[in-house]
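Letters A, B, ... mirror the listed sequences (proteins, then strands); counts begin at 1. The structure displayed is predicted, hence computed values, not measured ones.
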Amino acid sequence: MSVRQTATAVRGRYQPRISLWWWLTKPSYLLFVLRELSSVFIAWFIVFLLLFVRAVYQGEGQYERFLDFAANPFVVFVNLVALAFVLLHTVTWFVLTPQALPLHLRGRRVPGGLIIASQYVGWLVVSAFVFWLVVGW
Amino acid sequence: MADTIAMEVARYQPGEDGAPTMARYDVPLRKDWVVLDGLNYIKDEIDGTVTFRWSCRMGICGSCGMTVNGEPKLTCATFLTDYAPGPVRVEPLANFPVIRDLVVDIDDFLDKLSEVKPWIVRDEAPLSAGEYLQTPEQLEEYRQYSMCINCMLCYSACPVYGLDPEFVGPAAIALAQRYNLDSRDEGAAERLDVLIHPEGLWACTFVGDCTRVCPKHVDPAGAIQRYKLTAALDTLKHYVLPRGGR
Amino acid sequence: MRRRRPVEPLVWLLFSGGGVVTAILVPVLLVLLGLAFPLGWIDPPPYEHIHAVLGHWIARIVLLGLCVLGFVHWAHRFRYTLHEGLKLQRLDAQISLLCYGLALIGSVWAVYILLFTG
């Protein structure tokens with residue numbers, strides 16, 4: 001697609017350039033970048049989770065050591081920040097789903113609010129199940 | 001209410017200015033005046049050399065899109081009183097080359113638009129076969145996307161288009177989807193060929209600002225994500241069933 | 001004429017799948033493992049209990065899915081964040097290699113832990 005280059009090459013055109021800091025210029029852009037950066041904390045948590053699983057598989061001593069590691073104030077702090085980003089991920093993901101995935105029931109489009117609400121219900125049910133499974137009550 | 005408001009208007013003369021500069025004009029502040037009325041007042045009463053595009057004054061033609069206080073807006077539908085006490089900053093649409101003052105070069109958009117074949121693709125039946133029938137439900141499938149007036153506010157809001165001019169962009173993809181979803185159309189495969197490459201659908205990262213600024217509530221961001229899902233499932237089918245899967 | 005099919009759509013499917021799975025599972029796991037147990041809000045489960053839960057093959061498969069999809073989710077999003085946020089389009093090939101490569105290494109590590117340990 002060389003059309004664009006031809007257009008920009010026209011003499012006398014002023015070609016605006018996007019600043020490196022474009023994502024600070026509007027609240028909606030900033031929210032977008034924060035949403036995308038949530039993935040970094042998702043990756044961090046999965047590494048943390050795998051370390052936990054490995055410790056459990058390796059025996060009771062390693063399990064206790066992992067719990068000590070997780071109680072380190074710095075690790076707790078990272079996890080606290082991670083929770084904020086992970087919740088941002090969950091909420092934005094749920095909000096955007098009806099836009100990307102319009103559902104039809106009996107020929108009528110399911111309202112977006114209903115899709116979002118049912119995702120929250122599903123989320124609560126799964127979370128309660130995982131809680132029960134891990135904690136035991 | 002004050003009886004005037006200051007408008008700061010971007011001025012750019014090709015061949016003379018290296019970059020746009022802002023000029024300040026005081027225009028009457030009236031309850032029923034939109035930004036476009038202010039610009040026409042400047043052109044008629046203060047400085048006849050101010051250049052901008054406009055036509056219908058009623059949000060249909062899509063010509064008068066500009067950046068008003070940093071946001072892409074149809075200037076015929078943006079009231080001056082909403083910006084009182086001012087000043088109101090009027091600049092050309094972002095992400096496009098500027099030809100003069102508030103006029104941008106839209107050739108790139110027009111090329112991309114025609115690339116996605118925004119018309120009904122179909123092997124023509126003889127006229128005697130009658131018209132192509134469509135139920136209200138089938139119309140409803142694409143009606144929202146057919147509201148696009150090609151005003152390019154979405155391109156101006158899209159950081160991906162600004163950063164990567166090869167990106168096909170919101171309105172063109174939404175219009176491709178408008179025809180894909182039309183029960184009379186048979187061109188979906190041809191459009192997918194144009195849009196399945198990395199600068200087509202996949203460059204979009206769902207910033208969503210196109211949908212936020214769209215004056216016609218077309219939801220281009222949603223259209224693109226829906227299209228991605230269709231294209232991805234189509235590709236999966238293509239890999240799983242290489243022969244006869246399509 | 002049909003152009004060669006890019007793999008991008010398949011990566012996008014994995015990214016989306018990862019988005020769904022992590023949105024649902026990560027918050028509760030993060031609250032429990034990262035905050036509730038270390039800060040003493042809830043007593044950590046006895047070793048025998050957690051070992052039995054994580055040793056079950058269904059837990060292994062579900063966690064493997066979460067880890068692999070989660071890593072791909074990160075790789076895809078982070079690639080585009082670098083790409084756009086830092087205007088590094090010219091380095092797309094290197095960035096892609098780095099992001100998807102790390103996701104692959106992470107996935108192999110997850111397979112090793114979840115299927116070949118304990």
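Among L54(C), I50(C), L33(C), the one residue that satisfies the side-chain contact (heavy atoms from CB on, under 4.5 Å) test with V53(A) is L54(C).
For the pair V134(A) and F37(C), the minimum side-chain heavy-atom distance is below 4.5 Å.
If you measure heavy-atom distances from L25(C) to chain A, the contacts under 4.5 Å come from the side chain alone. Residue contact with chain C, scored on non-hydrogen atoms closer than 4.5 Å, involves the side chain of L87(A) exclusively.
With chain C as partner, the option from N79(A), L80(A), I18(A) having the largest number of non-hydrogen pairs under 4.5 angstrom is N79(A). Annotation: maximal heavy-atom pairing with chain C below 4.5 Å, among T97(A), V33(A), V47(A), T92(A), occurs at V47(A). When the candidates F69(A), W23(A), F52(A), Y63(A) are compared by the number of heavy-atom contacts under 4.5 Å with chain C, Y63(A) comes out ahead. When the candidates W93(A), F94(A), W123(A) are compared by the number of heavy-atom contacts under 4.5 Å with chain C, W93(A) comes out ahead. Each of V31(C), T22(C), L30(C), V28(C) has some count of heavy-atom pairs under 4.5 Å with chain A, and the biggest count is that of L30(C). Interface summary for chain C: among Q119(A), E64(A), R35(A), the most heavy-atom pairs under 4.5 angstrom belong to R35(A).
Heavy atoms only, all atoms of each residue included: A23(C) and T90(A) are closest at O-OG1, 2.9 Å. For the pair P38(C) and A71(A), the tightest heavy-atom approach, listed with the atom from each and the gap, is CB-CA, 3.7 Å. Contact record, Y57(A) with T117(C): CD1-O, 3.8 Å, taken as the closest heavy-atom pair.
At least one test fails for R54(A) against the ring of Y112(C): distance under 6.0 Å to the centre or angle within 45° of the axis.
Residues satisfying the side-chain hydrogen bond (donor to acceptor under 3.5 Å, both in side chains) test with H73(C), not counting sequence neighbours, are none. Residues meeting the ring pair (Phe, Tyr, Trp, His ring centres under 6.0 Å) test with W57(C), sequence neighbours left out: none.
Taking CG of L35(C) as the start and CG of L83(A) as the end, the distance is 6.0 Å to the nearest 0.5 Å. Expressed to the nearest 0.5 Å, how far CG of L63(C) lies from CG of L50(A) amounts to 8.0 Å. Rounded to the nearest 0.5 angstrom, L49(A) CG and C67(C) SG are separated by 5.0 Å.
A donor-acceptor distance shorter than 3.5 angstrom exists from the side chain of Y47(C) to the backbone of V56(A), with no hydrogens or angles considered. Under a 3.5 Å cut-off, the side chain of H49(C) and the backbone N or O of L133(A) do form a donor-acceptor pair.
Identified by a heavy-atom distance below 4.5 Å to chain C, the contributing residues of residues 36-44 of chain A are E36(A), L37(A), S38(A), S39(A), V40(A), I42(A), A43(A), in residue-number order. For residues 78-97 of chain C, a heavy-atom distance under 4.5 Å to chain A picks out F78(C), T81(C), E84(C), G85(C), L86(C), K87(C), given by residue number.
Applying the 6.0 Å contact sphere to OH of Y120(A) captures more than 12 heavy atoms from other residues, nucleotides or ligands.
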**Study point:** Chi angles and distances behind the side chain to side chain contact (heavy atoms under 4.5 Å, CB included) call for E60(A), H51(C)
**Key:** CA-CA 9 Å; E60(A) 192 162 3; H51(C) 187 257; over 6 Å; no
